[in-house]
There are 2 protein chains.
Amino acid sequence: MERKTSQRVAIENIFQRENRPLGVEEILKEGREIVESLNQATVYRNLKLLVEKGTLKPISHPVLGILYERTGRGHHHHFHCRICDRVFELPGCMLSETSAAPEGFVTEKHEVFLFGICPACGQQQ
Amino acid sequence: MERKTSQRVAIENIFQRENRPLGVEEILKEGREIVESLNQATVYRNLKLLVEKGTLKPISHPVLGILYERTGRGHHHHFHCRICDRVFELPGCMLSETSAAPEGFVTEKHEVFLFGICPACGQQQ
DNA sequence: TCTTTATTGCAAATAAATTTGCAATATTTG
DNA sequence: CAAATATTGCAAATTTATTTGCAATAAAGA
């Protein structure tokens, strides 16, 4: 049966706390602040389990590569801050799929990636 | 000085003819129909030159990875057909950057990827 | 607490994409 | 046409991301 290890708990907590898509490197870095021995392989293994369990799903970001985000939060877009390099989920959708493509194209789904400066970084300037 | 080899010309012609973003594999496959000896390394080397020259630019597609498209065609979105796996450029933009992100986020640019069925594949069904 | 075994850390192994060394080839210019 | 050298094909080398074998560790239940 599945065991509740400190590293597994740490990884899950990081997703809860950050509440945004995270990459392996980021998870590893933050995870080591909680469990200093945390290894890359452990992160990969737990991410795989969490994806299989349906807790997380991988997304492919055009700049940052593969990130993991929590499932079950409905359609949303992604915002990438060029200052802090964090990605945020933006709930809601301002894109009309029917008018997004010309006549003849049947749009079934879409992904929107926004780039710029997040509120936290904007204030510090 | 730069030489006009058959393989270089072939690669440039493929972009002209297809008029859509292309991946290395696709370029190699089509290129070999023109110059059968065409090698992968040659494709990579020529793509690099064309990018440096400013003729092409790489885009990172969330599903297909890195594709190359011709520069100077203004802002557009990308449509990926799940039947033929081709990517098309959709000129125009139906996304309002100001309303795309909540208060506090400063959006500087964006990328939209649409997924579905292209006109050609839609007709064949 | 003891036993079972899931999980971890580490290093080595894979996988996939891209680059590079080098001899052979082909384009360009005199 | 000959000479100079940019370019190619090929295979090996890199690079980066991810996976795996294995012995050591640590949850969980009896």
Side-chain angles (χ1 to χ4, degrees), chain A residues 1-15 21-69 78 80 85-87 113, chain B residues 1-15 21-69 78 80 85-87 113:
Chain A
M1 149 254 28
E2 196 165 285
R3 291 178 186 179
K4 206 168 177 178
T5 65
S6 57
Q7 21 285 85
R8 183 163 299 160
V9 171
I11 292 171
E12 290 176 328
N13 285 346
I14 292 169
F15 276 96
L22 300 169
V24 169
E25 210 51 52
E26 211 169 350
I27 296 164
L28 186 59
K29 182 164 165 288
E30 285 203 47
R32 280 182 171 158
E33 291 168 14
I34 306 172
V35 182
E36 54 180 331
S37 71
L38 184 61
N39 189 274
Q40 210 175 30
T42 301
V43 172
Y44 276 108
R45 283 188 277 231
N46 278 296
L47 286 174
K48 175 174 276 187
L49 284 179
L50 288 166
V51 169
E52 284 167 358
K53 235 208 304 188
T55 307
L56 298 180
K57 73 169 181 181
I59 63 168
S60 177
H61 186 280
V63 172
L64 301 174
I66 293 185
L67 305 177
Y68 295 83
E69 69 180 17
H78 292 104
H80 176 206
D85 246 15
R86 290 182 297 177
V87 171
F113 298 95
Chain B
M1 146 258 30
E2 197 164 284
R3 291 178 184 179
K4 206 169 178 176
T5 65
S6 57
Q7 21 285 83
R8 183 162 299 161
V9 171
I11 291 171
E12 290 175 330
N13 285 346
I14 291 169
F15 275 97
L22 300 168
V24 169
E25 209 50 53
E26 211 168 349
I27 296 164
L28 185 61
K29 182 165 166 286
E30 283 202 47
R32 280 184 169 157
E33 290 168 15
I34 305 170
V35 183
E36 52 179 332
S37 71
L38 183 61
N39 188 277
Q40 209 175 30
T42 301
V43 173
Y44 277 108
R45 284 188 277 233
N46 277 297
L47 286 174
K48 175 174 278 187
L49 284 178
L50 288 166
V51 169
E52 284 167 359
K53 235 205 311 185
T55 307
L56 297 181
K57 72 169 180 180
I59 63 168
S60 177
H61 186 279
V63 172
L64 301 172
I66 292 185
L67 304 177
Y68 294 84
E69 68 178 19
H78 293 103
H80 175 207
D85 246 15
R86 291 182 298 178
V87 171
F113 298 95

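Every chain is numbered from 1, with letters handed out A, B, ... down the list of sequences.
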Distances under 3.5 Å between protein N/O atoms and the N/O atoms of nucleotides 27-30 of chain D, please, pair by pair.
{"from": "dA27(D)", "atom 1": "N3", "to": "Arg3(A)", "atom 2": "NH1", "distance (Å)": "3.0"}
{"from": "dA28(D)", "atom 1": "OP1", "to": "Lys4(A)", "atom 2": "N", "distance (Å)": "3.0"}

Could you tell me whether the side chain of Val35(B) reaches within less than 4.5 Å of the side chain of Thr5(B), counting heavy atoms only? no
Helix axis bend for the helix from dT1(C)-dA30(D) to dG30(C)-dC1(D) - C1'-based end axes, five pairs, 10° rounding: 40°
Among residues two or more places apart or on two chains, list those pairs meeting side-chain hydrogen bond (donor to acceptor under 3.5 Å, both in side chains) that have a residue in residues 25-41 of chain A. Arg17(A)-Glu30(A), Arg20(A)-Glu26(A)
Ile27(A) side, atom CD1; Tyr68(A) side, atom OH - distance, nearest 0.5 Å: 7.5 Å
Rounded to whole Å, please give me the gap between CZ in Arg8(B) and C1' in dA26(C). 12 Å
Kindly compute the distance separating CD1 (Ile59(A)) from CD1 (Ile66(A)), expressed to the nearest 0.5 Å. 10.0 Å
Could you state the interatomic distance from OG1 (Thr55(B)) to CZ (Phe15(B)), rounded to the nearest 0.5 Å? 10.0 Å
Side-chain donor-acceptor contacts of residues 41-48 of chain A below 3.5 Å, not counting sequence neighbours, with atom names and distances?
{"from": "Asn46(A)", "atom 1": "OD1", "to": "Arg8(A)", "atom 2": "NE", "distance (Å)": "2.6"}
{"from": "Asn46(A)", "atom 1": "OD1", "to": "Arg8(A)", "atom 2": "NH2", "distance (Å)": "3.2"}
{"from": "Asn46(A)", "atom 1": "ND2", "to": "Thr42(A)", "atom 2": "O", "distance (Å)": "3.0"}

Report the distance from atom CG of Leu67(B) to atom CG of Leu56(B), rounding to the nearest 0.5 Å. 11.5 Å
Could you tell me which non-hydrogen atom of Pro21(B) sits nearest to which non-hydrogen atom of Val87(B), and how far apart they are? CD-O, 3.5 Å
Go through residues 26-41 of chain A and report each residue with a non-hydrogen atom lying under 4.0 Å from DNA chain C, sorted by number. Ser37(A), Leu38(A), Asn39(A), Ala41(A)
Would you say Val51(A) and Lys57(A) make side-chain contact, with heavy atoms under 4.5 Å? no
With a 4.0 Å heavy-atom cut-off, tell me which residues in residues 44-55 of chain B come close to DNA chain C, sorted by residue number. Tyr44(B), Arg45(B), Lys48(B)
Quick check: His61(B) with Phe113(B) (ring centres under 6.0 Å apart)? yes
Please report the interatomic distance CD1(Ile14(B)) to CG(Leu38(B)), rounded to the nearest 0.5 Å. 7.5 Å
